Amino acid sequence: MPKTAIVTGASGGIGREIAVKLGCEGYSVAVLYGKSEDKAQKTVELLEKSGAKARAYACDVRKSEQVKNTVAAVIADFGTPYLLVNNAGISEQKLFTDITDEDWNNMLAVHLSGAFYMTRAVLPWMLHEKNGRIINIASMWGETGGSCEVHYSAAKAGLIGMTRALAKELAPSGITVNAVSPGAIATDMMRALGEETCRLVEEEIPVGRLGTPADVANAVAFLAKDESAYITGQVLSVNGGMVI
């Protein structure tokens, strides 16, 4: 019977690539999305074309009760989740003095509280099985800090701290917790910064190119494998050598 994976923010970009990669690895995939139903259904179609079972679920990860209900629906459809990928995220560039209360609270709610709510909802099931994988999508800015992205950097740094602490707590139960930390990845979010900015960033990357969503998805798939059972509490950086 296929293992079940839950991927948040899976309607496009990195999340879609992760979901499709996991489908190719034999998982049944719950495709969670916030607003883009059409894009989420496109992800489901791609998964079904690869032969994987998949279904889209609307879920605002900022809302605890909605997360709880969504996870219950996934379990009813696919059974106990083996893998949770906390990928849902937003980005925003602002001077620190321009960050509003709403900006700050929303950034932490999506990245940090969302991962907390999702993990809390799936954990009892994983604990019952004494098996599971939790993979959080962090960022190189959570490791180093990014100018004009203080709230984003703080949220991702918090996610890394949560990863390390929870890994220690869950290791005796056979559950691993790791983070994948992307650098500059060629997504719509990155391209929105403009061609010139992308070119300048590319020049700073030792391998000489922007990363791709597939680069991140491959890292997630590696950490989800049975062969990675002895790896926990780690931050796997996928940044082309930009941060070492």
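As the structure is a prediction and not an experimental result, all values here were calculated from the model.
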I'd like to check D77 versus Y57 (side-chain heavy atoms, cut-off strictly below 4.5 Å). Are they in contact? yes
Please report the interatomic distance CD1(I99) to CG(N105), rounded to the nearest 0.5 Å. 11.5 Å
Is there a continuous path of hydrophobic side-chain contacts, each under 4.5 Å between heavy atoms, that joins V216 to I205? no
Approximate separation, where rounding is to 0.5 Å, of F96 CZ and S147 OG: 12.0 Å
Measure the spacing between NE2 of H128 and NZ of K130 and express it to the nearest 0.5 Å. 9.5 Å
Is the number of heavy atoms from other residues, nucleotides or ligands within 6.0 Å of NZ (K94) greater than 12? yes
Beyond-backbone contact of R209 with D215, side-chain heavy atoms, under 4.5 angstrom: yes
Just wondering, more than 12 heavy atoms not from D101 lying within 6.0 Å of its CG? no
Quick check: closest heavy atoms across V180 and P182, and the distance to 0.1 Å? O-CD, 3.2 Å
Do R199 and E202 meet the salt-bridge criterion of a basic N to acidic O distance under 4.0 Å? no
Compare every heavy atom of V29 with every heavy atom of G23, then report the nearest pair and how far apart it is. N-CG2, 4.0 Å
Does the side chain of Y82 reach to within under 4.5 Å of the side chain of E129, using non-hydrogen atoms? no
With a 4.5 Å cut-off on side-chain heavy-atom distances among I, L, V, M, F, W and Y, is there a chain of contacts connecting V61 to L166? yes
Working to the nearest 0.5 Å, report the span between CG of D38 and OG1 of T43. 11.0 Å
Applying the 4.5 Å side-chain criterion to the ILVMFWY set and letting contacts propagate, would I14 and V201 be lumped into a single cluster? no
Side chains of Y152 and H111 in contact at under 4.5 Å (non-hydrogen atoms): yes
Flag, side chain of D60 to backbone of R62, donor-acceptor distance under 3.5 Å: yes
Supply the members, apart from V235, of the Ile/Leu/Val/Met/Phe/Trp/Tyr cluster built from side-chain contacts under 4.5 Å; use none for a lone residue. I160
With E195, which residues qualify under side chain to side chain donor-acceptor pair (under 3.5 Å), at least two apart? none
Do any N or O atoms from the side chain of T8 and from the backbone of N87 form a donor-acceptor pair under 3.5 angstrom? yes
Only one of I90, L112, V150 passes side-chain contact (heavy atoms from CB on, under 4.5 Å) with M107, and that residue is I90
The side chain to side chain donor-acceptor pair (under 3.5 Å) partners of T100 (sequence neighbours excluded) come to D103
Compare every heavy atom of P213 with every heavy atom of A186, then report the nearest pair and how far apart it is. O-CD, 3.8 Å
R16 side-chain N/O to K39 backbone N/O, donor-acceptor pair under 3.5 Å: yes
Is L127 linked to V71 within one hydrophobic cluster, defined over Ile, Leu, Val, Met, Phe, Trp and Tyr using a side-chain heavy-atom separation of less than 4.5 Å? yes
Is there a donor-acceptor pair closer than 3.5 Å between any side-chain N or O of E17 and the backbone N or O of A217? no
Those residues that, when tested against E143, pass salt bridge (Lys or Arg N to Asp or Glu O under 4.0 Å) (two or more places apart): none
Between atom NE2 of H151 and atom OG of S91, what is the distance when rounded to the nearest 0.5 Å? 9.0 Å
Report the C-alpha separation of F78 and R55 in whole Å, then their side-chain angles, then the decisive distance to 0.1 Å, and conclude whether the side-chain contact (heavy atoms from CB on, under 4.5 Å) test is met. CA-CA 9 Å; F78 293 115; R55 183 171 177 179; 4.0 Å; yes
ILVMFWY cluster, L47 and L83 together (side-chain gap under 4.5 Å): yes
Exercise: identify the closest heavy-atom pair between T4 and Y27: C-CD2, 4.1 Å
Heavy atoms only: give me the nearest G89-V110 pair and the separation to one decimal. CA-CG1, 3.7 Å
Check A56 against Q41 and note the closest heavy-atom contact, atom names and distance. CB-NE2, 3.7 Å
pair L170-I134: side-chain heavy atoms closer than 4.5 Å: yes
Only counting residues at least two apart or in another chain, list the ones meeting side chain to side chain donor-acceptor pair (under 3.5 Å) with S64. R120
Got a second to check how far N218's CG is from I18's CD1, nearest 0.5 Å? 10.0 Å
Partner of L84 under side-chain contact (heavy atoms from CB on, under 4.5 Å), chosen from I135, I175, V122, V177: V122
So do the side chains of S181 and V238 get within less than 4.5 Å of each other, counting heavy atoms only? no
Set out, in order, the CA-CA distance, both residues' side-chain angles and the distance that settles side-chain contact (heavy atoms from CB on, under 4.5 Å) for V31 and S11, then state yes or no. CA-CA 7 Å; V31 175; S11 60; 5.8 Å; no
Enumerate donor-acceptor pairs with a distance under 3.5 Å from any side-chain N or O in residues 222-229 to protein atoms, sequence neighbours excluded.
residue, atom, partner, partner atom, Å
K225, NZ, E25, OE1, 3.1
D226, OD1, K3, NZ, 3.2
S228, OG, F222, O, 2.5

Donor-acceptor under 3.5 Å (K156 side chain, I137 main chain): yes
Does the side chain of L236 reach to within under 4.5 Å of the side chain of N178, using non-hydrogen atoms? no
Using a 3.5 Å distance criterion without hydrogens, assess whether the side chain of T187 forms a donor-acceptor pair with backbone atoms of G13. no
Note, L32 side chain near M118 side chain (heavy atom, < 4.5 Å): yes
Greater than 12 external heavy atoms within 6.0 Å of E102's CD: no
